[in-house]
Amino acid sequence: MAKHVGVSPQTITRLEKGVGTVSTLVAVMDSTNFMLTGLSAGKTLFEKLRNTRIKHGKSLENLVRRTGLSHTAILDLENGAGSVEDLLRLLAALAPRARRQAPARAYWALGQKEDRDSRFTPPDFMDNIYKAFGEIDLDPCAHELSPVLARRKILASRGGDGLSQTWSGRLAFVNPPYSCALQWLRRAHEQWSAGHVATVVCLVPVRTDSAFFHEVLSLDADIFFLKGRVKFLKPDGAAQQTPFSLMVLTLGANAEQRARFAQLAAGFWSRRRQPNDTDL
Ligand SMILES: C[S@@+](CC[C@H](N)C(=O)[O-])C[C@H]1O[C@@H](n2cnc3c(N)ncnc32)[C@H](O)[C@@H]1O
């Protein structure tokens, strides 16, 4: 760690005891991907501190009184200088609930693959889907315990296979196993292109690095980036928040359906790529 950050091992040991400069602390935070949540938005920790103070309408005088720090010490912290000790005092007064942000992962936590893939879309999220897009004809990757309401459910537990059986109906809702989400997106696109379903609504992690995403989905799909995270249901009924970002990707949804969804859910639709768009 010391080598990585470019300081002595003693500096790291002191930091672990709460002694040191904020600039070293930030270098360590950067190198360990340690992010704080519970502060206002900002590009740096210092900007976040300043924005939090402004958002909560706290004057410097007020903070001087509450923290026992001087004006200069507070301004130093808002400008990227100062000591860890002062930072901790400021945080205790300004954002007592600030804590480590759960590291973003592309997958559920470790565990059996099948267990990790058994996460069910919660009823409140589904209500927005029904209201915006209508009743669901097909869930091609359903589960007996899932609250998703669909006329036809393909259940792997009963020998069904949504990756080989033909899809059908007006609307399919697809919250697939995230360990192979790309395979399901390919399948959705293939079944939609073949005209087996008129509209497909997929709830998938925001993974946009595949050639398929860039060359096919970016042209054919509409994408809604969800703000915040979804609390899925585990087979035991407990809720579990996704440790990664999600998007709703639709094929064949009309403008009215998309507008309705945007009124119900937090997030935004991205502009669909056009065939003659050039990369900037
Ligand atoms: C993330 S869960 C979602 C369940 C449900 N669609 C929902 O939204 O609540 C994905 C489900 O896909 C099922 N599954 C996995 N492979 C499948 C396949 N080839 N055909 C049908 N279902 C499959 C798993 O059993 C798992 O329960």
Side-chain angles (χ1 to χ4, degrees), residues 104-192 194 196-207 210 212 221 223-226 228-253 257 261 264-265 267:
R105 286 193 301 259
Y107 298 94
W108 294 105
L110 294 180
Q112 291 299 314
K113 182 167 165 295
E114 173 51 28
D115 175 54
R116 276 185 283 142
D117 281 338
S118 291
R119 293 291 183 278
F120 313 129
T121 318
D124 56 338
F125 188 90
M126 286 314 301
D127 281 345
N128 291 342
I129 298 284
Y130 306 136
K131 283 182 195 147
F133 300 100
E135 290 180 6
I136 295 168
D137 294 306
L138 173 72
D139 182 345
C141 43
H143 193 286
E144 274 102 344
L145 298 173
S146 162
V148 172
L149 303 171
R151 290 194 180 90
R152 177 184 169 208
K153 293 187 171 197
I154 300 184
L155 290 159
S157 59
R158 296 203 196 147
D161 181 5
L163 290 171
S164 63
Q165 282 171 254
T166 304
W167 295 14
S168 59
R170 195 189 55 84
L171 177 69
F173 173 75
V174 187
N175 168 15
Y178 291 168
S179 59
C180 50
L182 182 59
Q183 195 181 3
W184 281 89
L185 286 173
R186 281 182 185 280
R187 177 73 179 160
H189 188 266
E190 172 205 277
Q191 292 295 298
W192 171 75
H196 297 311
V197 276
T199 307
V200 185
V201 175
C202 303
L203 175 61
V204 283
V206 180
R207 289 186 205 141
S210 64
F212 181 67
I223 291 166
F224 187 86
F225 292 109
L226 288 168
R229 294 181 175 178
V230 178
K231 273 193 178 160
F232 284 91
L233 299 177
K234 295 199 288 182
D236 64 6
Q240 186 183 19
Q241 194 164 288
T242 40
F244 40 79
S245 314
L246 291 168
M247 58 190 184
V248 171
L249 183 151
T250 63
L251 292 160
Q257 291 172 314
F261 188 68
L264 295 164

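Keep in mind that the numbers below use all heavy atoms, side chains included, and drop hydrogens, waters and symmetry copies. Just follow the structure's listing: the first ligand is 1, and inside any ligand the first atom is 1.
- Distances below 4.0 Å separate heavy atoms of D161 from the following atoms of ligand 1: 18 (C), 19 (N), 20 (N).
- Looking at G162 next to ligand 1, an N or O pair under 3.5 Å apart turns up.
- Looking at P177, P123, A181 and measuring to atom 14 (N) of ligand 1, the nearest heavy atom belongs to P177.
- The residue F232 has no part lying near ligand 1, judged by heavy-atom distances below 4.0 Å.
- In plain terms, the two heavy atoms of F120 and P235 that are nearest each other are CE1-CA, 3.8 Å.
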Review point. Are D139 and K153 close enough, and set up right, to give a salt bridge (Lys or Arg N to Asp or Glu O under 4.0 Å), and what steps lead you there?
Key: CA-CA 5 Å; D139 182 345; K153 293 187 171 197; 5.7 Å; no
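- When non-hydrogen atoms are compared, ligand 1 lies under 4.0 Å from the side chain of V148 (C-beta onward) but not from its backbone.
- Taking every heavy atom of F120 and a limit of under 4.0 angstrom, the matching atoms of ligand 1 come to 4 (C), 9 (O).
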Side chains of residues 122-129: which donor-acceptor partners sit under 3.5 Å, not counting sequence neighbours?
none

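- In terms of heavy atoms, W167 sits closest to A172 at CE3-CB, 4.3 Å.
- Between D139 and ligand 1, a contact under 3.5 Å exists for at least one N or O pair.
- Other residues, nucleotides and ligands contribute at most 12 non-hydrogen atoms within 6.0 Å of the CD atom of E135.
- Considering backbone and side-chain N/O of H143, none are found under 3.5 Å from N/O of ligand 1.
- Between E144 and S157, the side chains place a donor N or O and an acceptor N or O closer than 3.5 Å (distance only, hydrogens not considered).
- Taking a cut-off of under 4.0 Å to the non-hydrogen atoms of P140, the atoms of ligand 1 that pass are 20 (N), 21 (C), 22 (N).
- For the pair S157 and ligand 1, no heavy-atom separation below 4.0 Å is found.
- Near F173, meaning under 4.0 Å from one of its heavy atoms, ligand 1 places the atoms 8 (O).
- Contact annotation: for W184 versus ligand 1, heavy atoms closer than 4.0 Å belong to the side chain alone.
- Using modelled atom types, one finds no donor on one side chain facing an acceptor on the other under 3.5 Å when comparing R229 with S245.
- R186 meets the side-chain contact (heavy atoms from CB on, under 4.5 Å) test with L182, F212; sequence neighbours excluded.
- Counting all heavy atoms, side chain and backbone alike, L138 lies closest to S168 at CB-O, 3.5 Å.
- Separation of the F224 and F261 ring centroids falls under the 6.0 Å cut-off.
- Pairing each heavy atom of V174 with each of P140, the nearest pair is CG2-CG, 3.8 Å.
- Of the listed residues (S164, P176, A156), the one carrying the non-hydrogen atom nearest atom 23 (C) of ligand 1 is A156.
- Contacts of P147 with ligand 1, taken as heavy-atom pairs under 4.0 Å, are absent altogether.
- Here is the list of ligand 1 atoms found below 4.0 Å of a heavy atom in T121: 7 (C), 8 (O), 9 (O).
- Among the atoms of C141, some N or O lies under 3.5 angstrom from an N or O of ligand 1.
- Between S146 and ligand 1, an N or O atom pair is found at a separation short of 3.5 Å.
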